[in-house]
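Only one structure is covered here, and it is reproduced in the block below.
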Amino acid sequence: MTVRQPDSDDAVGGVLPRWVALPETVEEVAAVLRACAERDLAVVPAGGGTKLHWGLPPERCDVLLDMCCMNSLLEHAAGDLVVRAQAGLTMDALSAALADKGQELALDVPFPEDTTVGGTLAAALPGPRAFRYGTARDLLIGITVVLPDGTIAKSGGKVVKNVAGYDLGKLFTGSYGTLGVIAEATFRLHPLPPDRRWVVAELGTAELPPVAAALAASQTEPSAVEVDRPEPGGPITLAVLVEGAAAESRAEALRALIGQGSVTGERPSWWGRIQGDEVLVEVRFPPSATGTVLEAAAVTGLSLRGSPVAGRVLLEAWHTLGEGELGALVTGLRERVEAAGGRVHVLAAPYTSVERWGHVSALPLMRRVKERFDPGRRMSPGRFPGGV
């Protein structure tokens, strides 16, 4: 294992660690966490570093645990459609290895060349095809984690040790490193589809909600329905993905359902991507509130991209926003979205004064889980709501 001095790229939300540790095995991760527990040192796990500025800055960061050296594909049971990989393996490398066997992990990540398996689980950002295949939490069937005291625990596939009463996979997915370190993960795979087609159309804001509802109910079973609106007052580009047998004819049927557009074999350049995340706002909402969300997002002046059928969009700022301006923008957006039954989370922002989470009804439960797993508050302390 290597330990080095940090540089500016190692900062977590602007907080520079004192040391950077690069373990190569699960046992070395455990040794680092045991040593940190003995010395009351705070630890932040890191994958490809693409989302270290997401969430709140940690209250303290003594050791950045860089998982880049744990980057092996450990097992691919192609006949069972199962893969097991170390947390530091990039999603691009995993996809390439699986594609050689005609299979894929149906997760779309915004930075595939740098995003790691562990980071994909820790941040748990859904991609376009979550509409059909589910999220990382749904496709995860086994996990190996290292708890803050250095205990190695496993659940799901190939169980060695469980933590009684807890589904570790579900707990650690979306935990932002606040409960422990994801070391290995086992996923359910899908065969690569023999064909893919996209239906692309330009719609007005008022046209989208009924079209999205019709697509969600369609027997043609699209894999994903995404929209892109770079300019708040501008038109919306709708893209619908069809995969599998008879993709061309099914796509033509969806084009007829939409009433306009074209069918192409080329993925839109913006599909599933995040172009700028200095300010990044996630909006979750019931699909019936799509019209309200579109109108509320237009008022913010932010660009919009995401899925109206899954009830999830991301808003990006294409120009610099002042601290007060961003705070007021988020407050106004949150009021309108929550009134429609949705939620607004600020994934990334340059100002700590901006309220990131809004009302979190599960906060008491989250605090109890944190107390159970990390009573010393050494794992990414303060990155989650309520100082979790």
Side-chain angles (χ1 to χ4, degrees), residues 108 110 125-132 193 195-244 246-277 279-319 329 333 336-337 340 342:
D108 309 299
L125 185 69
R129 290 187 297 165
F131 175 63
R132 177 174 180 180
D195 198 8
R196 287 190 173 110
R197 291 291 187 274
W198 281 265
V199 184
V200 181
E202 189 173 286
L203 302 176
T205 299
E207 295 176 284
L208 179 62
V211 168
L215 290 169
S218 172
Q219 296 300 309
T220 309
E221 297 182 342
S223 293
V225 179
E226 294 283 300
V227 295
D228 180 48
R229 186 174 67 184
E231 297 295 333
I236 296 171
T237 300
L238 170 72
V240 184
L241 171 63
V242 179
E243 297 179 298
E248 179 77 28
S249 61
R250 290 163 57 213
E252 287 291 351
L254 289 177
R255 189 196 65 77
L257 176 65
I258 297 168
Q260 58 181 291
S262 59
V263 174
T264 176
E266 295 295 322
R267 178 175 62 184
S269 61
W270 51 267
W271 182 268
R273 299 292 180 173
I274 294 175
Q275 293 181 295
D277 61 348
V279 171
L280 188 64
V281 179
E282 181 186 41
V283 183
R284 303 282 185 102
F285 54 95
S288 59
T290 294
T292 299
V293 170
L294 290 174
E295 293 173 2
V299 174
T300 68
L302 303 178
S303 66
L304 178 148
R305 179 174 299 155
S307 174
V309 295
R312 166 202 47 80
V313 296
L314 294 175
L315 310 182
E316 302 177 25
W318 288 30
H319 62 279
L329 177 157
L333 176 67
R336 297 187 65 178
V337 170

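Predicted model only: the values in this text are computed from it and were never measured.
Here Leu314 contributes atom CG and Asp228 contributes atom CG; the two are 11.5 Å apart, rounded to the nearest 0.5 Å. Here the straight-line distance linking atom NE2 of His319 with atom CG of Leu302 works out to 7.0 Å at 0.5 Å rounding. Atoms OG and CG, on Ser218 and Leu254 in that order, are 5.0 Å from each other to the nearest 0.5 Å.
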How far apart are the C-alpha atoms of Val299 and Arg336, what are their side-chain angles, what is the distance that settles it, and do they pass the side-chain contact (heavy atoms from CB on, under 4.5 Å) test?
CA-CA 11 Å; Val299 174; Arg336 297 187 65 178; 3.6 Å; yes
Val242 vs Val263, test: side-chain contact (heavy atoms from CB on, under 4.5 Å). Steps then yes/no.
CA-CA 10 Å; Val242 179; Val263 174; over 6 Å; no
Go through the steps to decide whether Glu243 and Arg250 satisfy the test salt bridge (charged side-chain N to carboxylate O under 4.0 Å, His left out), and finish with yes or no.
CA-CA 9 Å; Glu243 297 179 298; Arg250 290 163 57 213; over 6 Å; no
What's the verdict on side-chain contact (heavy atoms from CB on, under 4.5 Å) for Leu315 and Leu333, showing C-alpha distance, side-chain angles and the deciding distance?
CA-CA 11 Å; Leu315 310 182; Leu333 176 67; 3.6 Å; yes
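In plain terms, the two heavy atoms of Gly244 and Pro193 that are nearest each other are N-CB, 3.7 Å. The two atoms that bring Ile236 and Thr205 nearest to each other are CD1-CA, 3.9 Å, heavy atoms only. Here the shortest heavy-atom pairing between Trp198 and Ala239 reads CD1-CB, 4.5 Å. Here the closest non-hydrogen pair linking Ala216 and Val309 is CB-CG1, 3.8 Å. The minimum heavy-atom distance linking Pro128 with Ala224 is given by the pair O-CB, 3.3 Å. Closest non-hydrogen pair, Gly306 versus Pro308, comes out as O-CD, 3.7 Å.
Considering only heavy atoms from C-beta on, Arg197 stays 4.5 Å or farther from Arg255 through its side chain. Within the 4.5 Å cutoff, no side-chain heavy atoms of Glu226 are placed close to those of Leu241. Considering only heavy atoms from C-beta on, Ile258 comes within 4.5 Å of Leu215 through its side chain. Counting heavy atoms from C-beta outward, Val199 and Leu257 have side chains that stay 4.5 Å or more apart.
Enclosure of atom CD in Glu221 is not indicated, since only 12 or fewer non-hydrogen atoms of other residues, nucleotides or ligands lie within 6.0 angstrom.
Although no hydrogens or angles enter the test, the distance criterion places a donor-acceptor pair under 3.5 Å between the side chain of Ser303 and the main chain of Glu316.
Salt bridge Arg229/Glu202: absent, no basic N to carboxylate O contact under 4.0 Å.
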Please report, to 0.1 Å, the donor-acceptor pairs under 3.5 Å made by any side chain of residues 265-276, with sequence neighbours excluded.
from	atom 1	to	atom 2	distance (Å)
Arg273	NH1	Pro110	O	3.3
Gln275	OE1	Arg305	NH2	3.1

